[in-house]
Amino acid sequence: MSSKYNPNEIEKDMYRFWVEGKFFETTDEKEKEPFTIVIPPPNVTGRLHLGHAWDTTMQDTISRMKRMQGYDVLWLPGMDHAGIATQAKVEAKLKEQGENRHDLGREKFLDISWDWKEEYADFIRSQWEKLGLGLDYSRERFTLDSGLSDAVREVFVTLYEKGLIYRGEYIINWDPDTQTALSDIEVEYAEVQGKFYHMRYPIKDSDETIEIATTRPETMLGDTAVAVHPDDERYQHLLGKTVVLPIVGREMEIVADTYVDMEMGSGAVKITPAHDPNDFEIGNRHDLERILVMNEDGSMNENAGHYQGMDRFECRKQIVNDLQEQGVLFDIEEHVHQVGHSERSGAVVEPYLSTQWFVHMQPLADDAIGLQDGDGKVHFVPDRFERTYLHWMENIRDWCISRQLWWGHRIPAWYHKETGEIYVGKVAPADIENWEQDEDVLDTWFSSALWPFSTMGWPDEDSEDFKRYFPTDVLVTGYDIIFFWVARMIFQSKQFTGKRPFKDVLIHGLIRDSEGRKMSKSLGNGVDPMDVIDQYGADSLRYFLLTGSTPGQDLRFHWQKVESTWNFANKVWNASRFSLMNMENFAYEDIDLNREKSLADKWILTRLNETIEHVTKNTNKYEFGEAGRHLYNFIWDELCDWYIEMAKLPLYGDDEQQQQTTRSVLAYVLDQTMRMLHPYMPFITEEIWQQLPHKGESITVANWPEIKPAFHDEVASNEMKRLVSIIKSVRNIRSEVDTPLSKQIKLYIRTENDAITNELEKNRSYLDHFCNPSELVITTDVETPEKAMSAVVTGAELFLPLEGLINFDKEIERLEKELTKWTREVERVQKKLANEGFVNKAPEHVVDEERQKESDYLEKQAKVKARLAELRS
RNA sequence: GGAGGAUUAGCUCAGCCGGGAGAGCACCUGCCUUACAAGCAGGGGGUCGCAGGUUCGAACCCUGCAUCCUCCA
């Protein structure tokens, strides 16, 4: 073993060993309880980022632990076709080559997209490999697979037949860049410094005008009315009158509608039913004409008169000029307002009249909300996210599911060429020559929503996987896609399987840069997880991600933290290296924990028990940070700093029996520790475990550590506590007087009683080793040496005669400080105990503890006080 | 406008059921001790955002306020 931990070397071939050993596949042992996770399928568009690394590492940690705990674990991998994102990338590539999809045609374009998919899928698998994810590749799925496509068609057709999917002409969110409709949640609103344009429309056959204002003046070309509130006294005389639309010359009615807010602006609004959702509603109520003035690419169409062909923003400038010249537009006001942008392309989204397919959400949402009242509810972790989810569900709006793309699930609807009749079915109509299939595909999330059961063989409800592994146990994802994905999985699962899709949903935050900014391409502050792995290894990255934050909270990426995690891995490595160096020819069969054990042995086994308890409990609760801290402290502060140092005595000594016992304990504790650490740092733990005396093929399928009550030893813990405080006191004094361990000192220990004398005598060898005394006296009647440094511990007093080295003024100062400390503690405890309320109301064990402390502090206070008196005399 | 989160050491964050404020990094001092100098030993550093309240006891529970962030409308 090298003296430095080299992750690349260890990690290089490990994954192949795991995959070839089929350790990540489900077992055929039906008596084992199944445990299922489906991976949130990453977009097949590109590479995995740190967010994916974080998300999947948590899943890996959970599934590795569950596997070790004896579950039949299925962690199902897969990818998402990501309609808009992928198509945009493929189109961009075509553009580079001077081509476009329309020239190529649908079929050829899809061929190219599939090639793209294969290329990136390979790349993503290689990233999963580097992260060390224990995925069952025999069940890998893709959202466009035939099985999953069957599921999509089944769901679409069923919902259509139930009247829960409909087609119609409504205002939708149109992305002029990618030229497709979007659902409401694919629109992100951002504050934009815009303008409020104030205009006066002339009233026909009158000198009067009516004042309106708009932020999108170009839409006036599609105005078909002006609306005022029916109770607005200012406009009573104008109701039913006609307005002449400037530039266009269209005659429009002034209508009364309670939607209009009298307080806003002039109290009159222009109505553009084809370009605004509210105007659309008003248009319906008043039977207004809908005039679309834009093309799908955001340019003005033939209804825009001489503005035809202009881009919408170009047209805005021009029309403002023209209206100003005509005196129609009389004021422009700076105005900050919310403007919708496409979540994908960033383009300003246009509210646009269009015929699309929708899911009628209310009944589905009601059902999903009802699910949360029963035992079959989805447990959100942290639970506050359940409120976020419910709030959205309770205010649900219909879901626009058609997308004007080619890459995706084509809508299973056909239109009769002659009659226009609509046919919706899982298979094409028999007389296909008379029908044309809908050109559009479904929203990608429509298929992702089925992921937990479509991947299991559904709609075949008799399929083995569906029966055994569904519902899944936990889903891990970020809070940013609760609406996009989590919510939709829940209502689709409830609707089609009658069950929740997962028992738990673990929600994590976003990963940010060191300054707390979102990682983004435009900022160039993204960190590639593969770079982190190259530099520090997957185990370091994983441990950093797992322990760096609390559930639901965001996480900042710091290289420095990854580096300190590497230090921890290096510590684990070297502790193991030391152990192995002292275990030559020591085999698994030689491990014997039943022989006479040393204090150190008993103590570390007790601490191991406690660590197993904490790590198991916290990992089960998804509290990876807490579990990690227990592991870290146990390994570094207890196993390395104390046990290994103490183990050197027997290991370097010549008592064969003691050596074998120490090797046994060391081998056992390391084995158990590697197992606990394995879900967190899979590579290094497998590597070390393989080298340690072990039984079994791989740590991935080794049993999870169990608490062994027989190893719990309270007495040893207390002895160890006293020993450690003695050693620390001596170190402290040595440091005060600049006397390194290599230089011998005299050490006298005055004990309180014979029991403590015996205890310390028994552990004399440790005191020799850690304190390096030239003379060590342990009795109840040690006489205070004349010139000495001293310290008090529970049950004993230490004296280090260090003639010549002691600065008495400094020593008095030190002791005074200590006396103040104990005096303060005594006062605090006594005040507490004098409080009747405390003694009567606090739990008994808390009061007992305080009484215990009181006597301990009083003892220490008295001894320090006496010492000071001696020094001053 | 509504909802949620955050505010703890110089920095980044833990602190789970209310019972003596913790870690990593950074900083200071001393050590190349035969697992690890990316280490070891010792040390300094906090008005737990502010103000009230509940309680024998509050970083933690309640109310209000302040600042920052996110989501929804």
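Only a predicted model underlies this, so the values are computations on that prediction, with no experimental measurement involved. Throughout, a chain's letter reflects where its sequence line sits, starting with A, and its residues are numbered from 1.
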Checklist entry - Which comes earlier along RNA chain B counting from the 5' end, the contact point of Arg731(A) or that of Val829(A), where each point is its nearest nucleotide? => result Val829(A)

Checklist entry - Within the structure shown, what part of the strands sits under 4.0 Å from Trp566(A) by heavy-atom distance: base, sugar-phosphate, or nothing? => result base

Next on the checklist: To the closest 0.5 Å, what do you measure between CG (Leu649(A)) and OG (Ser598(A))?
Outcome noted: 9.0 Å

Item to check | Rounded distance (nearest 0.5 Å) linking atom CD1 of Ile62(A) with atom CG of Leu506(A) | outcome: 5.5 Å

Next on the checklist: Tell me the interatomic distance from Glu394(A), atom CD, to A3(B), atom P, rounded to whole angstroms.
Outcome noted: 14 Å

Checklist entry - Over how many whole Å does the gap from Arg517(A) atom CZ to C68(B) atom C1' extend? => result 17 Å

Tabulated below should be each protein N or O lying under 3.5 Å from an N or O of nucleotides 70-73 of chain B; please produce it.
unit_1	atom_1	unit_2	atom_2	d
A73(B)	OP1	Arg397(A)	NH2	3.0

Checklist outcome for this item: When pairs are called at under 3.5 Å and a stem needs at least three consecutive Watson-Crick or G-U pairs, the stems of RNA chain B are B:1-7 with B:66-72, B:10-13 with B:22-25, B:27-31 with B:39-43, B:49-53 with B:61-65

Checklist entry - Separation of Ile482(A) atom CD1 from G4(B) atom C1', in whole Å? => result 11 Å

Item to check | Residue pair Glu811(A), Arg814(A): steps toward the salt bridge (Lys or Arg N to Asp or Glu O under 4.0 Å) verdict | outcome: CA-CA 5 Å; Glu811(A) 177 64 357; Arg814(A) 189 179 71 91; 2.9 Å; yes

Checklist outcome for this item: Its glycosidic angle compared against 90° from 0, C17(B) adopts the form syn

Checklist entry - CD1 of Ile507(A) versus P of G4(B): gap in Å, rounded? => result 17 Å

Checklist entry - What nucleic acid atoms does Glu736(A) come within less than 4.0 Å of, heavy atoms only: base, sugar-phosphate, or nothing? => result nothing

Item to check | Check against salt bridge (Lys or Arg N to Asp or Glu O under 4.0 Å), Arg824(A) and Glu827(A) | outcome: CA-CA 5 Å; Arg824(A) 254 209 302 261; Glu827(A) 282 167 1; over 6 Å; no

Checklist entry - Closest to the Asn732(A) side chain: G43(B), G19(B), C16(B)? => result G43(B)

Item to check | Phe578(A): which of Leu580(A), Asn574(A), Asn582(A) passes side chain to side chain contact (heavy atoms under 4.5 Å, CB included) | outcome: Asn582(A)

Checklist entry - How far does CZ of Phe544(A) sit from OG1 of Thr57(A), to the nearest 0.5 angstrom? => result 11.5 Å

Checklist entry - Taking the P atom of each, how far is U8(B) from G15(B), in whole Å? => result 14 Å

Item to check | U29(B) versus C16(B) - spacing of their C1' atoms, nearest Å | outcome: 37 Å

Item to check | C1' spacing across the pair G18(B) / G57(B), given as an integer number of angstrom | outcome: 8 Å

Next on the checklist: Work out how far the C1' atom of U54(B) is from that of U63(B), and round it to whole angstrom.
Outcome noted: 11 Å

Next on the checklist: Suppose you measure atom C1' in G64(B) against the same atom in A14(B); what distance do you get, rounded to whole Å?
Outcome noted: 28 Å

Checklist outcome for this item: Rounded to the nearest 0.5 angstrom, the OG1-CE distance for Thr662(A) and Met646(A) is 10.5 Å

Next on the checklist: Please report the distance separating the P of G46(B) from the corresponding atom of C32(B), rounded so that it comes out in whole Å.
Outcome noted: 32 Å

Item to check | Separation of atom CG in Leu546(A) from atom P in C13(B), rounded to whole Å | outcome: 17 Å

Item to check | Spacing of the C1' atoms in C13(B) and U7(B) (rounded, Å) | outcome: 12 Å

Item to check | Aromatic plane relationship, Trp573(A) with Tyr5(A) - under 30° parallel, 30 to 60° tilted, over 60° perpendicular | outcome: tilted

Next on the checklist: Output the rounded distance in Å from CZ (Phe838(A)) to P (G57(B)).
Outcome noted: 11 Å

Next on the checklist: What is the separation between atom CZ on Arg734(A) and atom C1' on A41(B), rounded to the nearest whole Å?
Outcome noted: 11 Å

Next on the checklist: Show the nearest heavy-atom pair for residues Cys400(A) and Ile172(A), with the distance to one decimal.
Outcome noted: SG-CG2, 3.9 Å

Checklist entry - salt bridge (Lys or Arg N to Asp or Glu O under 4.0 Å) between Glu850(A) and Lys853(A): does it pass, once the steps are laid out? => result CA-CA 5 Å; Glu850(A) 293 299 319; Lys853(A) 285 176 196 167; 3.1 Å; yes

Next on the checklist: Counting only heavy atoms and a strict 4.0 angstrom limit, can you tell me which residues of residues 609-626 of chain A come near RNA chain B?
Outcome noted: Asn618(A), Lys621(A), Glu626(A)

Item to check | Glu9(A) vs Lys4(A), salt bridge (Lys or Arg N to Asp or Glu O under 4.0 Å): CA-CA, chis, key distance, verdict | outcome: CA-CA 11 Å; Glu9(A) 206 169 287; Lys4(A) 282 209 177 359; over 6 Å; no

Checklist entry - What residue pairs, at least two apart or across chains, pass ring-ring contact (aromatic ring centres under 6.0 Å, His included) with a residue in residues 633-654 of chain A? => result Tyr632(A)-Trp636(A), Trp642(A)-Phe770(A)

Next on the checklist: Does the protein touch nucleotides 21-36 of chain B at the base, only the backbone, or not at all? Give it as B, S and - per nucleotide, heavy atoms under 4.0 Å.
Outcome noted: ---SS---------BB

For residues 480-488 of chain A, tabulate all N or O donor-acceptor pairs below 3.5 Å that involve a side-chain atom, not counting sequence neighbours.
unit_1	atom_1	unit_2	atom_2	d
Trp485(A)	NE1	Ser448(A)	O	2.9
Arg488(A)	NH1	Phe484(A)	O	3.3

Next on the checklist: So, taking the atom named CD1 in Ile806(A) and the one named NZ in Lys810(A), what distance separates them when rounded to the nearest 0.5 Å?
Outcome noted: 12.0 Å

Checklist entry - Roughly how many Å is it from NZ in Lys817(A) to P in G43(B), rounded to a whole number? => result 10 Å

Checklist entry - Does some side-chain heavy atom of Leu631(A) sit less than 4.5 Å from a side-chain heavy atom of Met676(A)? => result yes

Checklist entry - How many angstroms lie between CD1 in Ile507(A) and OH in Tyr479(A), if you round to the nearest 0.5 Å? => result 11.0 Å

Checklist entry - Of Lys728(A) and His558(A), whose nearest nucleotide on RNA chain B comes first from the 5' end? => result His558(A)

Item to check | Span that lies between the P atom of A6(B) and that of C61(B), in whole angstrom | outcome: 10 Å

